[in-house]
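Some notes on the structure that comes next.
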Amino acid sequence: MRQSLKSNLVITHTVSRQHNSFFHYDSNAKTYFIEQLQTCKNLISATTTHSNVVKSGLSNDTFTTNHLINCYIRFLKINHAHKLFDEMPQRNVVSWTSLMAGYVTCGRPNTALWLFHQMQGTLVLPNEFTFATLINACSILASLDMGRRIHGRVEVMGFGSNRVVCSSLIDMYGKCNHVDEARMVFDSMCVRNVVSWTSMITTYAQNAQGHHALQLFREFTHLRMEKPNHFMLCSVISACASLGSLGSGKVTHGMVIRLCHDANDVVATALVDMYAKCGCVHYSDKVFRRIPNPSVIPYTSMIVGAAKYGLGTLSLQLFQEMIDRRIKPNDVTFVGVLHACSHSGLIDKGLELFNSMNGKYRVMPDSKHYTCVADMLGRVGRVEEAYQLAKSVHVERDGYSILWGTLLSASRLHGRVDIAFEASRRLIESNQQVAGAYVTLSNAYALAGDWENAHQLRSEMKHTGICKEPGSSWIEIKNSTYVFHAGDVSKCSQANEILSLLKELKHRMKERGYVGRTTGLVFVDIEEEAKEEIVSLHSEKLALAFGLINMPKGVTIRVMKNLRMCRDCHESFKLISDIVERDFVVRDVNRFHHFKNGLCTCGDFW
DNA sequence: TTAGGGTTAG
């Protein structure tokens, strides 16, 4: 790399002879070079200017060299930047911080931390820019220990109230899954801005605390200090998705449109994901089709959404479409298409895609893909093949438990107690998913009629104090959330109604040829997992059924005609109408817009 | 008068 830099300089030296007016240092030349470095559009221009800087005798000037370093970093030429840094007679805090930030940008956060270690051996002191960069490196690495140590230095050196440093700290603690520490930093801030609020909202959203994320977003909007930007809206949409909260998701979508962020691809991708997770893949598709040139991420989001909804053919069509448009799939895309094949019974196609991953698409299969294939084979009863696959691959710690957990479920489902036993043994030995492994193995014994072993395992769990938290699932109906815990319907006021509905659904599904995963075991005390399964299995259909009961179609659209909405709201309504069904729109608009004498005075959806 | 923070798919 260093050799190529020299070559470039030789070439550009020849070129620059044509207009060699910068052989001597003067301040105008310096200003000109800096402007060139800040605005140059390609590496050739950068190296040409570099050559002229050298000829003009400015190569020892710290300020100009810092600009050169940052210019090379802009083109991701970190080795060029580091060589310049090494050759500097005098480096200041900007030189150090620029190079550290460059390494973070180039995906080498560890080198940035190593540079900080080197810097501590000099007389140059770090400033708030340096700390923000270092904390960002810790965030990427999810290195809590290093992050805490740098936080300590931040406080000692008096940068603890800097807004940018604090926002980085919130993000770092969030990425390390330490929500309380992130909140402590957030609460300690005297002045916050949209970035600090976004960091905290994102922390909640990414740590399964969607309700807290939405609550904080409400607080932010009530303050009316700044408008939410696309970063914040993305996190809010993501929180709605994690909660499966369609109502909040649609309201946030309305806000996205009103604040003119609907053309942002990242926001649109978040919406695609949110609608799919809320069970409205049809809306996902509408949002997706409005993205002019979707990259691999929106495509993958749509592929995964369709896959989870059982629309395997749609997933595969989208996959083919992106290949035709020369968009390169990545590892996540393959998780999506394999998942689609698995859930739609497209085994041959799934195996064909899996086998072509490396050769045709240059994506190396990893534990996620092995698990998808094991799941795909297991679902159709090809448990032996799934078992052979799992035994033949080497996977890391987390991937290992997921892969063998999948094998355990498949073997239990198809009565292969031998494989279930081995999968459980592997999980218990690896000290992961231990309680789940005990319960599933116990169920496998019960399914095979081996009640003695089933009870013995349960006794063992009691004696050793292994306890599995009951699973739960939830649905949101008309802005209320209904939570179901495995094996406990007593807290639900509509238990009888729900159970009779489940029976009815099960009956109809059987009529259509559905073969249940659970049999008479479902209502035996020992089988809490089985109950969990039946509740989660039907929750989506339950939501639909409740929808039919409690949300009749035909909420009159005439109401809208009597209302005069402000122009913004009217535009929002028109756009949303294009995306979602009308009866929902009417409810949403009536609920979240404020009307006075038939005139919309709405300033905010919230 | 150069360097720093928050977003989307599994």
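Remember, it's a predicted structure, so these values are computed and weren't measured experimentally.
By the 30° and 60° cut-offs, the orientation of the rings of A/F334 relative to A/H369 is perpendicular. Below 30°, between 30° and 60°, or above 60°: for A/F85 and A/W96 the angle between ring planes is above 60°, a perpendicular geometry.
In this view, A/S301 and A/T269, A/V272, A/D273 satisfy the side chain to side chain contact (heavy atoms under 4.5 Å, CB included) rule, not counting sequence neighbours. Checked against side chain to side chain contact (heavy atoms under 4.5 Å, CB included), A/H339 has the following partners two or more places apart in sequence or in another chain: A/A307, A/K308, A/H343. The side chain to side chain contact (heavy atoms under 4.5 Å, CB included) check on A/S143 picks up A/L141, A/M146, with sequence neighbours excluded.
Non-hydrogen atoms lying under 4.0 Å from DNA chain B are contributed by A/I297, A/T300, all within residues 292-300 of chain A. The stretch residues 139-153 of chain A does not touch DNA chain B, since none of its heavy atoms comes less than 4.0 Å from the strand.
On the nucleic acid side, DNA chain B contacts chain A at distances under 4.0 Å to non-hydrogen atoms, with the end points of that region at B/dT1 to B/dG10.
Between the side chains of A/N330 and A/T333, at least one donor N or O lies within less than 3.5 Å of an accepting N or O.
Rounded to the nearest 0.5 Å, atoms NE2 (A/H253) and NE2 (A/H261) are 13.0 Å apart.
In this structure, A/H50 has its ring center under 6.0 Å from that of A/Y72. Annotation: A/Y204 is not in aromatic contact with A/F186 [ring centroid separation under 6.0 Å not met].
Between the A/N70 side chain and the A/N66 main chain, a donor and an acceptor come within less than 3.5 Å of each other.
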